[in-house]
2 protein chains.
Amino acid sequence: MPRRSNTFVKTRQDHANETAEDYVEAIGDILETQPTCRVKDLSAKMGVSHVTVTRILQRLSAERLIDKDPYGPCTLTRKGAAMAKRSRRRHQLLLDFLLHIGVPPTDAARDAEGMEHHVSDATLSVMRAVLQEDSNRR
Amino acid sequence: MPRRSNTFVKTRQDHANETAEDYVEAIGDILETQPTCRVKDLSAKMGVSHVTVTRILQRLSAERLIDKDPYGPCTLTRKGAAMAKRSRRRHQLLLDFLLHIGVPPTDAARDAEGMEHHVSDATLSVMRAVLQEDSNRR
DNA sequence: ACCGACATGTAGCATGGGCTACATTTTAGA
DNA sequence: TCTAAAATGTAGCCCATGCTACATGTCGGT
Ligand SMILES: [Mn+2]
Ligand SMILES: [Mn+2]
Ligand SMILES: [Mn+2]
Ligand SMILES: [Mn+2]
C-alpha cells in the first residue's frame, strides 16, 4: 500500500507509472493505424533513440504489459490493453475539458500529455460533469 | 533553445524543472512561517531523506537559486525568489480553479502538486478568466 | 569546558531514462 | 542466393533522484 499523504511523495509515485502509461497508450495508438508496432515506430513517436525504447520495452515485458520477442514487433497483453484503455480515456477526457474551457488546441495537446498522469478520478469526474452539463445546456 | 514539437519530449523537459520549482517554492513557504530554512525542514516537507535534500540543495546553489553554507540554513537568491513566486502563483491559481469547479480539497491539493508543472500560460489564462467571470456573475 | 544528541555531510549503491558506438540479425533487391 | 541496408540489441557512459551506513560538525545543558 503506498502512503501518499504527502503530496510531493504522491507526485513522485505518479511519475513512476508515467512511462508505462505513455508507452502502452502509444502502442495502442500505433496498432490502430498499422498491423504491427515496432521499436522504430515507438522511437519516432516518443522522440527518443531506439536504445531507450528497447530498454523500456524490456521492462514493460517483465511487467507483463506487452509481449515481445527479440527482433519482433510488440503487442499488448490483456493487462497492457487495459492500462492503455484507461490511459487513453483519461487523456481524452482531460483534453476535451481543456478544449471546452477554451484552451487553444496546440497548448491543450501539450498540457494534457503531462497533466494526465496527475489527475485523480475525483477531478476527472468533475470534468466529465462539466462537459455533460454544458452540452445539455445548449 | 529547446525543441518541443513532440509532446512527450516537452513533458520530459518539464520534469527537469520540476524539482527546482518545488524546492524553491517549499523554501519560500518555510521562510514565511519561520526565520530559517534548514535541511531537516525540507526533508520533512518533501518526504525524502536529508541526503537527498543536501544533494538537491547543492544543485540549486550551483544554479544560483539559493544561497547556502555548509551546516547552515538556506535562503533564496533573487533568481530563486522569482522562480518561487512564479511557481506559487501558478500552483495557487491551478488549485483555486480545481476547487472552483468542485474538486474536493484533498484531491485538488494532490492533483495540483503534480499538474502545476505541466500547465501552460495559455491554460492558466483561461483558468484565470473562468474564475473572474464566475466571481463577477454572482 | 565538555559531551552527547542532533543536524549535516559523504561514500557508495540502486533504479530509471537519456545517449553514442558498435555488434548482430533481418530483410529486400540485384 | 548474396549481400548491403535497415532494424534491433548490447556495452558502457551520463545525470537525476532515491536510499542506508557511516563520518563529521554544531550546540545546548550540566
Ligand atoms: Mn497519454
Ligand atoms: Mn503523457
Ligand atoms: Mn507547487
Ligand atoms: Mn509540484
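Quick note on labels: first sequence line is chain A, next is B, and so on, each numbered from 1. Note: hydrogens, waters and symmetry copies are ignored here, and every other heavy atom, side chains too, is used.
- Within residues 48-55 of chain A, the residues that have a heavy atom under 4.0 Å from DNA chain D are, in order of number, His50(A), Val51(A), Thr54(A).
- Of the residues in residues 25-32 of chain A, none has a non-hydrogen atom less than 4.0 angstrom from any atom of DNA chain D.
- When DNA chain D is scanned 5' to 3' for any atom under 4.0 Å from a heavy atom of chain A, the first and last hits are dA7(D) to dG18(D).
- Applying the salt bridge (Lys or Arg N to Asp or Glu O under 4.0 Å) criterion to Asp96(B), with sequence neighbours excluded, gives no partner residue.
- Evaluation of the side chain to side chain donor-acceptor pair (under 3.5 Å) rule for Gln34(B) yields Asp41(B) as partners, not counting sequence neighbours.
- In this structure, His100(B) has no ring-ring contact (aromatic ring centres under 6.0 Å, His included) partners at least two apart in sequence or on a different chain.
- Qualifying side chain to side chain donor-acceptor pair (under 3.5 Å) partners for Thr11(B), counting only residues two or more places apart in sequence or in other chains: none.
- Both Val130(B) and Met127(A) sit in one connected hydrophobic cluster of ILVMFWY residues. Membership requires side-chain heavy atoms under 4.5 Å apart, directly or through other members.
- Taking atom CZ of residue Arg12(B) and atom P of nucleotide dG16(C), one finds them 17 Å apart after rounding to whole Å.
- To the nearest angstrom, P of dG16(C) lies 17 Å from CG of Asp14(A).
- Here the closest heavy-atom approach between residue Ile66(A) and residue Cys74(A) is recorded as CD1-CB, 4.2 Å.
- Remark: P of dT26(C) and NZ of Lys40(A) are 16 Å apart, rounded to the nearest angstrom.
- Scanning both residues, Lys79(B) and Glu63(B), for their nearest heavy atoms gives NZ-O, 2.8 Å.
- The two atoms that bring Asn6(B) and Gly47(A) nearest to each other are ND2-N, 3.6 Å, heavy atoms only.
- Less than 4.0 Å separates DNA chain D from at least one heavy atom of each of the following residues of residues 57-73 of chain B: Arg59(B), Tyr71(B).
- Applying the salt bridge (Lys or Arg N to Asp or Glu O under 4.0 Å) test to Asp22(B) and every residue at least two apart in sequence or in another chain returns nothing.
- For the salt bridge (Lys or Arg N to Asp or Glu O under 4.0 Å) test, residues two or more places apart in sequence or in another chain that qualify with Lys45(A) are Asp29(A).
- Looking only at side-chain heavy atoms (C-beta outward), Leu57(B) and Ile27(B) come within less than 4.5 Å of each other.
- Hydrophobic side-chain contacts under 4.5 Å tie Leu99(A) into a cluster, directly or through other members, with Leu95(A).
- Not counting sequence neighbours, the partners of Arg90(B) by the salt bridge (Lys or Arg N to Asp or Glu O under 4.0 Å) test are Glu21(B).
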